[in-house]
Amino acid sequence: MNSKPARVRFAPSPTGRLHLGGARTALYDYLLARATGGQFILRIEDTDRKRYQPEAEAEFVRALRWLGLEWDEGPDIGGPYGPYRQSERKEIYQRYAWELVERGHAYPCFCSAERLQKVREEQKRRKESIRYDGHCRNIPPAEARARVEAGERHVIRFKMPREGQVVCRDALRGEIVYDNANLDDSILVKSDGLALYHLASMVDDHLMEITHVLRGSEWLPTFPLHVHIYQAFGWEQPEWVHLSVFLKPSGKGKMSKREAANLMKDGRSIFITDLEAMGYLPEATINWIALMGWSYDDRTEFFTLDDLVQKFSIRKLNPAPAAINFSKFDHFNGLHIRALPLDDLMRRVRPFFERAGYQVDDEKLRQIMPILQPRLKTLSDAPEVAGFFFEDRAEPDPQRLLGKRLTPAQALAAARRLRAMIDEWPDLSQETGEAPVRALAAEMNVKAGDLFALLREAVTGRPVSPPIFDTMVILGRETVLQRLDRAIEILAAMEN
RNA sequence: GCCCCCAUCGUCUAGUGGACCAGGACGUGGCCCUCUCAAGGCCAAAACAGGGGUUCGAACCCCCUUGGGGGCACCA
């Protein structure tokens with residue numbers, strides 16, 4: 001809407017699950033693509049065989065779909081720039097790596113892992129910066145070529161200039177200048193022939209005509225390498241956008257595996273595919289993560305995905321790290337639950353009743369919705385708030401039937417009177433019921449609050465519930481009377 | 001050790017030299033509504049890390065310090 005169509009990619013590595021940070025990157029990718037009428041692309045960066053997890057790709061797909069972030073090109077649906085899995089693009093990277101070698105920007109390196117390890121240890125001991133020592137950097141090209149052709153095990157390294165500076169432009173930070181002398185001759189292609197991120201991602205972004213690269217700020221240290229690679233090829237760079245990392249809720253330290261495990265113990269999760277079962281809405285998740293590192297103005301906070309497409313702008317991104325705030329997530333979830341049409345809420349909340357073991361009656365469920373909606377922080381709260389509607393009987397607690405200050409005798413008398421009254425009422429609504437209950441309280445010289453407590457406990461078996469008249473209307477007179485009879489039994493037993 | 005990034009209430013943030021004795025939201029406390037619990041409404045406490053500059057004027061620009069974060073793999 002504001003600029004040329006953007007081609008933006010979300011490129012996860014299938015080594016784990018989609019978490020909040022990744023989801024936010026994917027969201028911003030999606031928003032940028034949609035806002036400009038461009039394409040949102042899913043690419044799988046599976047160049048690391050050792051850490052590869054076969055289930056991970058499907059897990060990412062599921063998580064992204066749940067969030068509602070549909071892509072235009074990807075491994076599952078194909079597209080004009082495929083394949084979209086890096087493991088299927090091995091030959092492409094080989095070709096580009098050798099092009100770099102021929103242009104003098106890269107070289108084969110034959111150092112063993114053992115030698116490298118030793119070099120590093122020595123550097124560490126001498127408190128020098130840890131870097132490749134350039135052992136193979138000046139092997140004559142013809143000789144290097146011959147050794148490669150002879151089948152000698154090798155990697156390909158970038159030949160970083162030893163002097164000068166690189167100017168790297170980040171959309172949020174402006175120009176960042178790095179001294180080449182501090183940069184390393186990083187490996188581009190491993191000895192197994194597969195490219196590393198540094199090469200694969202640059203080549204793919206170029207070939208796929210990616211216009212904006214959104215990635216975590218942990219890539220800032222290798223940013224200059226990537227710019228060098230682009231320049232070595234003579235390619236036009238995309239717009240680089242380095243997003244801040246998410247910090248632990250305490251604000252002390254980055255989100256980590258360890259911290260994620262800790263959060264689980266508190267019933268919280270940073271993994272997208274856990275959120276549904278925990279009763280969170282994708283709408284709320286989107287709204288929440290969108291606002292961690294981005295803002296629209298000084299007051300608007302409620303956004304749907306479509307709103308965000310309309311309002312998103314890279315310019316409003318914030319480079320500072322953000323601590324995850326779960327109580328705000330709960331707040332947004334409540335807002336989005338309350339924004340749901342009732343039949344939609346009904347559809348979504350039903351599985352939570354079923355999972356809690358309730359036989360769900362459709363008509364009753366429908367009637368419950370208006371009183372359930374404002375009482376839900378998460379969908380999983382539903383059984384606790386309204387499960388009693390589906391219970392065959394309520395089992396009142398004898399003490400609680402007495403409210404704050406009723407004697408057993410008073411409570412028994414009151415219960416009998418209430419039962420008789422309710423039996424006579426034309427309906428169980430607040431309009432017909434409230435005045436008589438209050439009148440009874442006055443007549444018996446007890447607090448109306450205690451009578452309501454008695455009624456609530458008898459009818460629902462719980463000390464808290466939705467408004468009692470609304471509750472009774474849904475339960476129906478027959479059920480209410482049965483439950484009152486049971487309460488009367490209990491109170492009569494207390495008397496003796 | 002070296003390199004890089006960041007810095008406004010506890011947290012997420014608005015703010016791009018005068019409209020700011022700094023606005024919103026979550027959370028917290030209080031009040032209202034009220035049959036309990038929510039929802040809703042109102043109110044309150046709560047921040048420009050410190051020090052130097054630049055300027056008539058600085059939360060906003062520059063420098064230093066401090067603090068926080070990230071990175072230094074044949075991981076991404």
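This is a predicted model, so every value here is computed, not measured. All chains are named by letter (A, B, ...) in the order of the sequence lines, taking the proteins before the strands, and each is independently numbered beginning at 1. Below, each value reflects all heavy atoms present in this structure, side chains not excepted, and no hydrogens, waters or symmetry copies.
For Ser250(A) and Asp297(A), each mapped to the nucleotide of RNA chain B holding its nearest heavy atom, the one lying further toward the 5' end belongs to Ser250(A).
Side-chain proximity of Leu335(A) to U13(B), G40(B), G24(B): nearest is G40(B). In the set C26(B), A14(B), C35(B), the nucleotide with an atom closest to the side chain of Lys328(A) is C26(B).
C12(B) atom C1' lies 19 Å from atom NZ of Lys248(A), rounded to whole Å. In this structure, the CG atom of Asp330(A) is 11 Å from the P atom of A39(B), given to the nearest Å. Phe469(A) has its CZ atom 13 Å from the C1' atom of U34(B), to the nearest Å. Between the C1' atom of U16(B) and the CG atom of Asp298(A) lies a distance of 14 Å, rounded to the nearest Å. At whole-Å resolution of the value, CG in Asp470(A) and C1' in A38(B) are 13 Å apart. For the pair Leu291(A) CG and A25(B) C1', the computed distance is 9 Å after rounding to whole Å. Between the C1' atom of G24(B) and the CZ atom of Phe302(A) lies a distance of 17 Å, rounded to the nearest Å. Protein atom CD of Gln123(A) is 11 Å distant from nucleotide atom C1' of C2(B), rounded to whole Å.
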Per-nucleotide protein contact along nucleotides 65-76 of chain B, 5' to 3', at a 4.0 Å heavy-atom cut-off (B base, S sugar-phosphate only, - neither), is ----SBSSSBBB

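Across all strands, Ser295(A) comes closer than 4.0 Å only to sugar-phosphate atoms, never to a base (heavy-atom distances). Within 4.0 Å of Ile176(A), counting heavy atoms only, lie sugar-phosphate atoms of the nucleic acid but no base atom. Across all strands, Tyr296(A) comes closer than 4.0 Å to no nucleic acid atom at all (heavy-atom distances). The residue Gly334(A) sits apart from the nucleic acid: no heavy atom pair falls under 4.0 Å. As judged by a 4.0 angstrom heavy-atom cut-off over every strand, Ala453(A) is placed among residues making no nucleic acid contact. If you check every strand for non-hydrogen atoms under 4.0 Å, Ala322(A) touches sugar and phosphate atoms only.
Taking side-chain N and O atoms only, Lys377(A) has no distance below 4.0 Å to OP1 or OP2 of G27(B). Under 4.0 angstrom from either OP1 or OP2 of G40(B) there lies at least one side-chain N or O belonging to Arg338(A).
The base of C5(B) has none of its N or O atoms less than 3.5 Å from a complementary donor or acceptor on the side chain of Arg173(A). One donor-acceptor pair, N or O on each side, does fall under 3.5 Å between the base of U16(B) and the side chain of Arg315(A).
Pair assignment for G1(B): C72(B), on the basis of Watson-Crick or G-U wobble contacts that are both within less than 3.5 Å. Across all strands shown, A38(B) forms no Watson-Crick or G-U wobble pair with both distances under 3.5 Å.
Within the 4.5 Å cutoff, the side chain of Val227(A) has heavy atoms near those of the Gln237(A) side chain.
The P atoms of A59(B) and C72(B) are separated by 39 Å, rounded to the nearest whole Å. Taking atom C1' in both G71(B) and A76(B), the straight-line distance is 13 Å, to the nearest Å.
The side chain to side chain donor-acceptor pair (under 3.5 Å) contacts involving residues 439-448 of chain A comprise Arg417(A)-Glu443(A), where partners must be two or more places apart or lie in separate chains.
The ring pair (Phe, Tyr, Trp, His ring centres under 6.0 Å) test with Phe303(A) is passed by exactly one of Phe312(A), Phe332(A), Trp294(A): Trp294(A).
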